[in-house]
Amino acid sequence: MPDHRDDLVGVSRRLRGVAAAAARSVGPMLREAFRAPLEVSVKTGPQDLVTEHDRAAERTIVRHLLRAHPDSRVLGEEGGTQGAGRVLWLVDPIDGTTNFAHGLPHFCVSVAAVLDDDLVAGAIYDPIAEQMFTADLTGAWRDGAPLRSRGAPTADQAVILSDYPAGRDLARGPVAEVTFGALAREFRSVRRGGSGALALAYTAAGWADCTFATSTNPWDIGAGALIVQQAGGRYLAFSADGEPVTTALHEAPNYVAFAGDADYPQVTALVRGR
Ligand code: IPD
Ligand code: CA
Ligand code: CA
């Protein structure tokens, strides 16, 4: 007799397939739109963009999810909450919209499934590289090959991917400049890629040793958090006050993720504001 855990594993496998298919379904439209003339609007300010393609891709993904798994509700960056089913889908139709809008080929689609506050499946799809990162409760993969991350033992051998500090961090005072300066001095390199979801996927792949961010939203991190964990890395989530969060990770705004057993306490301290 299958027990509850077997059932959950089976469900997570199925939801991983649904997430990956939904993310892949907008590949052709995003490739066609990329570097074509497009209208860009600002949302909260000049550092927060949206295009007609973000909205169109999200509509297509949501339709796909609700059709493939009707017992669903969706939280999308552009369309908000829809549906009332048991599985919660977190959808970022384009993570890295600034890159997309400027013709930089570094952005992705991120889709995650949450069941009873736990992340159970996720897909991060780069439509330009045509590369798919996925995870469920049994593992993590890149294009079907298992992912196993490994991190550098010391900071001077490690690469961090992070867009920190954003304008909002700098607006809080000089602390962001000081802490960022310390990281830039200590680590091999701190790279600003412009897609938090791809930074998590690359950390899961072991191409980077660490990534961190503050003030994120559930759709930015849902898929990447699970992919990092299932690739053998660590995803540490924190509240806005810097307190550790262990359930509903997607709702925690701040995080640091490490490849394999890497551990750089100075990055954790920065994220916690300590
Ligand atoms: C953004 C990206 C970026 C991060 C920003 C996010 P968007 O998402 O994840 O890496 O630094 O904070 O808003 O707006 O391109 O979906
Ligand atoms: Ca995003
Ligand atoms: Ca987005």
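We use all heavy atoms of the structure for the numbers below, so side chains are in, but hydrogens, waters and symmetry mates are not. Just so you know, these numbers come straight off a predicted model, no measurement behind them. In each ligand, atom 1 is the first atom listed, and ligand 1 is the first ligand listed.
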Which pairs, with at least one residue in residues 29-62 and sequence neighbours excluded, count as a ring pair (Phe, Tyr, Trp, His ring centres under 6.0 Å)?
F34-F107, H53-F100
Qualifying salt bridge (charged side-chain N to carboxylate O under 4.0 Å, His left out) pairs, either residue in residues 256-268, two or more places apart
R234-D263
Can you find a pair of side-chain heavy atoms, one from D156 and one from F187, that are under 4.5 Å apart?
no
Sorted by chain and residue number, the residues with a non-hydrogen atom under 4.0 Å of ligand 1 are E77, D92, I94, D95, G96, T97, D163, R168, G194, S195, G196, D220
Would you tabulate the side-chain donor-acceptor contacts of residues 84-91 under 3.5 Å, counting partners in other chains and residues two or more places apart, or write 'none'?
residue, atom, partner, partner atom, Å
R86, NH2, D116, OD2, 2.8
W89, NE1, S72, OG, 2.8

Specify whether F180 and Y164 have parallel, tilted or perpendicular ring planes, treating 30° as the upper limit for parallel and 60° as the lower limit for perpendicular.
tilted
At the Ca ion (ligand 3), what is the angle formed between atom O of I94 and atom OE1 of E77, rounded to the nearest 10°?
160°
The Ca ion (ligand 2) - name of the N/O/S atom of D95 that sits closest to it:
OD1
Would you check if the Ca ion (ligand 2) lies under 3.0 Å from any N, O or S atom of D92?
yes
Between R55 and E39, does at least one N-O distance fall below 4.0 Å, as a salt bridge requires?
no
Taking 3.0 Å as the cut-off, does E78 contribute an N, O or S atom near the Ca ion (ligand 3), distance below it?
no
Taking the six-membered ring for Trp, are the ring centroids of Y255 and Y235 within less than 6.0 Å of each other?
yes
Please tell me whether S239 and N254 have a donor and an acceptor in their side chains that are separated by less than 3.5 angstrom.
no
